[in-house]
Engineer: 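Following this message is one structure expressed as structure tokens.
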Protein chains: 4
Amino acid sequence: MGCHDIQDLRLENSFKLTRVGITGVRKPVEVRRNGRSVHLTAEIDVFVDLPPTQKGSHMSRNAEIIGEMIESRVREEVSSLEDLAADICRELLDRHEYATYAEVHMLADYFLERRTGGGRAMLEPYKLMARATSRRGDGLMKMVGVQVEGMTACPCAMETVRHILGERVPELGKVPELPMMSHNQRNRTTLMVEVPEHVPIEADDLIGIVEGSLSSPTYGILKRADEAEVVLSAHRNPKFVEDVVRDILRKLLEKYADLDDSVHVTVRSVSEESIHKHNAFAERVTTLGELRD
Amino acid sequence: MGCHDIQDLRLENSFKLTRVGITGVRKPVEVRRNGRSVHLTAEIDVFVDLPPTQKGSHMSRNAEIIGEMIESRVREEVSSLEDLAADICRELLDRHEYATYAEVHMLADYFLERRTGGGRAMLEPYKLMARATSRRGDGLMKMVGVQVEGMTACPCAMETVRHILGERVPELGKVPELPMMSHNQRNRTTLMVEVPEHVPIEADDLIGIVEGSLSSPTYGILKRADEAEVVLSAHRNPKFVEDVVRDILRKLLEKYADLDDSVHVTVRSVSEESIHKHNAFAERVTTLGELRD
Amino acid sequence: MGCHDIQDLRLENSFKLTRVGITGVRKPVEVRRNGRSVHLTAEIDVFVDLPPTQKGSHMSRNAEIIGEMIESRVREEVSSLEDLAADICRELLDRHEYATYAEVHMLADYFLERRTGGGRAMLEPYKLMARATSRRGDGLMKMVGVQVEGMTACPCAMETVRHILGERVPELGKVPELPMMSHNQRNRTTLMVEVPEHVPIEADDLIGIVEGSLSSPTYGILKRADEAEVVLSAHRNPKFVEDVVRDILRKLLEKYADLDDSVHVTVRSVSEESIHKHNAFAERVTTLGELRD
Amino acid sequence: MGCHDIQDLRLENSFKLTRVGITGVRKPVEVRRNGRSVHLTAEIDVFVDLPPTQKGSHMSRNAEIIGEMIESRVREEVSSLEDLAADICRELLDRHEYATYAEVHMLADYFLERRTGGGRAMLEPYKLMARATSRRGDGLMKMVGVQVEGMTACPCAMETVRHILGERVPELGKVPELPMMSHNQRNRTTLMVEVPEHVPIEADDLIGIVEGSLSSPTYGILKRADEAEVVLSAHRNPKFVEDVVRDILRKLLEKYADLDDSVHVTVRSVSEESIHKHNAFAERVTTLGELRD
């Protein structure tokens, strides 16, 4: 073919590139784990670096690798989105012989059964995330992540409301344990954790940690009594976004006491404030070692 | 030029098209109204219909019209986004001689000064919308619209909470007027009203009507006491999305008692429910005449 | 429970609402059709109307219906997204006894195997859409839709380029059939067709009709020769968005010659113009009967 | 007020947070520079860090600072979005006395007059970006950025098409300089450059560098001859995303030869491939010093 040299053209006095690849690839992925088969629609980005001497990255190899890893060979064996990301990442370095670095991102809708106090079971939506990066000759790092929506109620507004109402309604002084009105809102929290070799981390556990760190989980179906219990429960448990992030960090340390100090962790919580048109945001980017200090 | 006939090629046995045009055009627009000059960045879509006998619509005329109406001739005279939309709409029919219908949509960020109870003034963000449609020989219809973010607190959860707490805390029975906890959340409500010939409708009034129909407006800056008063005010004024839409309709009838029965109105309210991952939605598409019946 | 009357409160002098419901519900759906099982993640909106005499719509019934229809009873029997939408629509009217109208929208990622000229098979991404509406006592209308991405090359720029180059390069005059450079770009086209009772319409056929009406389909994996053939094929087949819509209409008439005149059809094509920062748009909203005239 | 201690509550055994703040604040900003006044609508995010001993960040201070810096004191003096970001960043450290780090992001629509070969002048849309970060006692870093849409034509497909057509149409062998068909598409490229103290960097220059590094700029209005010249020009100048990034880097080195080696630069180019449903991506994150090596 006439063009086989365009990407491979030798360049002089040019620049290396940090990441070159394809983004926004959509594929169906079937994950089999713990005896359960889950069908995901993943959105995938893949990158490798490019040396200063080469004109172009072989982009079509990226799509071929994704296709092969998902549609054929690996299909029967995918045990997690992050393992699939890692497999693709390794293959990127294999087939882009000029590359020294590879990176893979995956994002997918995900569902878990949840049950309200009233006993009703339903499927709640979450997001699964996976990430793998590898520097040639220097191993591979993979991360699993979740995005969870839930509810936060503000502890500060609650205290001011208690103070104001307490002055107006003396009877309230007799029930100091009474939860008070506050603003509450939809919150989106993401948690990503590095997955060490040979130590599986269950996305379902991460979702549980996040949901347990909000003022309350939220539910698709709430009949009247359930709804009131979610409201009461959230107000008994008011949380800043700062509190959400720190409670997740605390639970990670307990749950993953055996994991290495080097394990990377990112937690990010965003509350779509009901009293503002802007959002409240808190984040920690760290390692388990730093948290243990 | 070689290609001057492609769009004008005569077709046989083909189909008319309902709307053909360009979307996603971005332009700066300066509106001068009531002695105030406002700088907007508008996103614009324009369409005309196409008869079955003509191969293509002259798309470049659309961009020329937008450019001329905004950047040159009309620039000094734009008194509202909807008047600009109407001018563009008329010009579309003028220059697309084969068209029998034209349609224009505009959307822009907009700001108004607001003041909290505590007296702090600040600029709050809204969206302005405009729409014009015209059928050749049959006049022109223009609409002005606003999108407002604010807060709704749920009346149903509030009553259930009152009932549950009342059983647990007998003191509450003595203060029946006490507002109670509920879920509250960010709400986005849009209101569009047809603007009759010679009767200006102020977007600022529409924003006022929407903001006054929510459980509470929201603010960019809230110090502690202001925050609590917004929370208390919202809970004294709990609203379903249904209530928001109906209260807006009621206020429209009062405010625009002189407007014709034929005036079109659309109200749409969406609450990003804090207890669910999905939204609550209510809408009315109607005329003032229907509302007056 | 204390609150059982809030939604059911009787109102006087209030307004009916056109649509009240929930939006943005996400659920996994398994569709079994033609011996094939497909796993979809659907985004769902449902609405009913509300009479002027009733304060609130029972929103939690909407979520219950969706949950039941997808997660339990119907799960084994879903033969298409539009049949699921129709089932939910009927159930909405059943359980909202005060409603006279119900509406359901569904949207999901979808994949089909495609093969390039070079013989490579891969899964290409599409969107499936479904819609059902029902007026009590007046039957039910359901629609199936698809969204397809592909490529358009502009016939007008091609002719002007031919003219300019022809003057500069006389040799080109000897090969008049040679396709010429033009601008080409990503195009998104949606097609929705009403599905009559007892006449299944295959979404895969609709995708085929749309893909065959673009300048060229596009592919996730293209090795060098395939890539050039897609480019050549698109330039031999230049299309305005107007052409795309009309070719789809023509093919619909051929493919569905047996369908009733009353069947509704909507076609919408958007080209993300490579020479502009805005998009080109064409649309036809019609019935088969109108097209046949 | 009852709640003045909630954010200031002392914590033991808790965790510091990397960034806490507010996101999605929208404000109108007037920038006066080089005798020209520009009205922008900015979207703003601000963050500070939080020590492990403090429960909450004083979020309302963030909104107050943004309000004051934009609406009152600084309004008359804003000479660039990045200077405004820097002023806000300094103020964040001033008023969050517990913070050691502050970060500000701003994004706004922006317009420049452009003229086609045919002489038509029009306003083209771009995005302006600004970023400032500061570590207490360690100075402040500010960056200015631009996002530009334009067109890329693929050099690889062009060569393969030339090869295939050359075999089929021998006449083409006589005009080897003839540009050939390829796929071309909308490209979005962002360039961010650190702005050293006392050395202004003009966003308009950055836009010029990016636009000059694409296969062709794009225009809102193109009459027939202009349209063909843009197509021809792009095909005479085919570019991978890799080429776009490298050409920008090369021009930065020439234009900013006097800037320090330490100056940070990020270039990112995304082509919305017309032959694929996914995008092509290239990026370099670096310093001028690394580029000069």
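Worth saying up front: this structure is predicted, and the values here are computed from it rather than measured. Only heavy atoms go into these numbers, but all of them, side chains included; no hydrogens, no water, no symmetry mates. Reminder, nothing fancy here: chain letters follow the sequence lines and each chain counts from 1.
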Engineer: Using heavy-atom distances under 4.5 Å, tell me whether A/Val241 contacts chain D through its side chain, its backbone, both, or neither.
Structural biologist: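 Looking at A/Val241, just its side chain touches chain D.
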
Engineer: Does any part of the side chain of A/Glu273, heavy atoms only, come nearer than 4.5 Å to the side chain of D/Ile22, both counted from C-beta?
Structural biologist: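 Side chain of D/Ile22 against side chain of A/Glu273, heavy atoms only: no contact under 4.5 Å found.
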
Engineer: About how many Å separate CD1 of D/Ile6 and OG1 of A/Thr160, when rounded to the nearest 0.5 Å?
Structural biologist: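 Rounded to the nearest 0.5 Å, the OG1-CD1 separation comes out at 7.5 Å.
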
Engineer: Specify which of A/Val245, A/Leu50, A/Asn13 makes the most heavy-atom pairs with chain D at under 4.5 Å.
Structural biologist: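 The option with the most such pairs is A/Leu50.
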
Engineer: When heavy-atom pairs shorter than 4.5 Å are enumerated against chain A, which of D/Gly24, D/Ser14, D/Ser271 gives the highest number?
Structural biologist: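 Most heavy-atom pairs under 4.5 Å with chain A: D/Ser14.
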
Engineer: Might you confirm whether atom CD of D/Glu177 has over 12 heavy atoms from other residues, nucleotides or ligands at distances under 6.0 Å?
Structural biologist: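 Above 12, so yes.
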
Engineer: Check whether A/Arg26 gets within reach of chain D through its side chain, its backbone, both or neither, counting any heavy atom under 4.5 Å.
Structural biologist: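 Contact with chain D involves no heavy atom of A/Arg26 at all.
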
Engineer: Select one option (side chain, backbone, both, neither) describing which atoms of A/Leu9 are under 4.5 Å from chain D's heavy atoms.
Structural biologist: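 For A/Leu9, neither part sits under 4.5 Å from chain D.
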
Engineer: CG/D/Asp49 to CD/A/Glu283 distance, rounded to the nearest 0.5 angstrom?
Structural biologist: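 Rounded to the nearest 0.5 Å, the CG-CD separation comes to 11.5 Å.
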
Engineer: So, the side chain of A/Arg19 versus the backbone of D/Phe281: is there a donor-acceptor pair under 3.5 Å, distance only?
Structural biologist: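 Not at all, since once roles are kept as given, no pair shorter than 3.5 Å links the two residues.
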
Engineer: Near A/Lys251 NZ, under 6.0 Å, is it more than 12 heavy atoms from other residues, nucleotides or ligands?
Structural biologist: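 It does: A/Lys251 NZ has more than 12 such atoms within range.
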
Engineer: Do A/Thr23 and D/Glu272 have side-chain heavy atoms sitting under 4.5 Å apart?
Structural biologist: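 Contact flag for A/Thr23/D/Glu272 side chains = no.
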
Engineer: Please flag which part of A/Phe15 lies under 4.5 Å from any non-hydrogen atom of chain D: side chain, backbone, both or neither.
Structural biologist: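 For A/Phe15, the contact with chain D is made by backbone and side chain together.
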
Engineer: How close do A/Leu17 and D/Ala282 get, counting heavy atoms only, and between which atoms?
Structural biologist: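 The pair with the smallest heavy-atom distance is CD1-CB, 4.4 Å.
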
Engineer: Grab the two heavy atoms, one from A/Arg246 and one from D/Pro51, that are nearest each other, plus how far apart they are.
Structural biologist: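 Minimum heavy-atom separation between A/Arg246 and D/Pro51: NH2-O, 2.9 Å.
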
Engineer: So does A/Ser57 get a backbone contact from the side chain of D/Glu242, meaning a donor-acceptor N/O pair under 3.5 Å?
Structural biologist: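 Side chain of D/Glu242 to backbone of A/Ser57: a pair is present.
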
Engineer: Based on non-hydrogen pairs under 4.5 Å, which of D/Arg162, D/Gln54, D/Lys277, D/Met158 is most in contact with chain A?
Structural biologist: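 Result: the option with the highest number of such pairs is D/Gln54.
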
Engineer: Flag the pair D/Phe240 / A/Val20 as yes when at least one side-chain heavy-atom distance between them is below 4.5 Å, and no otherwise.
Structural biologist: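 No, every pair of side-chain atoms sits at 4.5 Å or beyond.
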
Engineer: Quick check on A/Asp243 against chain D: is it the side chain, the backbone, both or neither that has a heavy atom closer than 4.5 Å?
Structural biologist: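 Just the side chain, heavy atoms under 4.5 Å.
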
Engineer: Between D/Met59, D/Arg250, D/Lys55, which residue shows the highest count of heavy-atom pairs closer than 4.5 Å to chain A?
Structural biologist: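 Heavy-atom pairs under 4.5 Å are most numerous for D/Lys55.
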
Engineer: Take A/His278 and D/Ile44 through the side-chain contact (heavy atoms from CB on, under 4.5 Å) test and state the conclusion after the steps.
Structural biologist: CA-CA 10 Å; A/His278 60 252; D/Ile44 308 170; over 6 Å; no

Engineer: Residues of residues 284-293 of chain A under 4.5 Å from chain D (heavy atom pairs)?
Structural biologist: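 The list, in residue order, reads A/Arg284, A/Val285, A/Leu291.
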
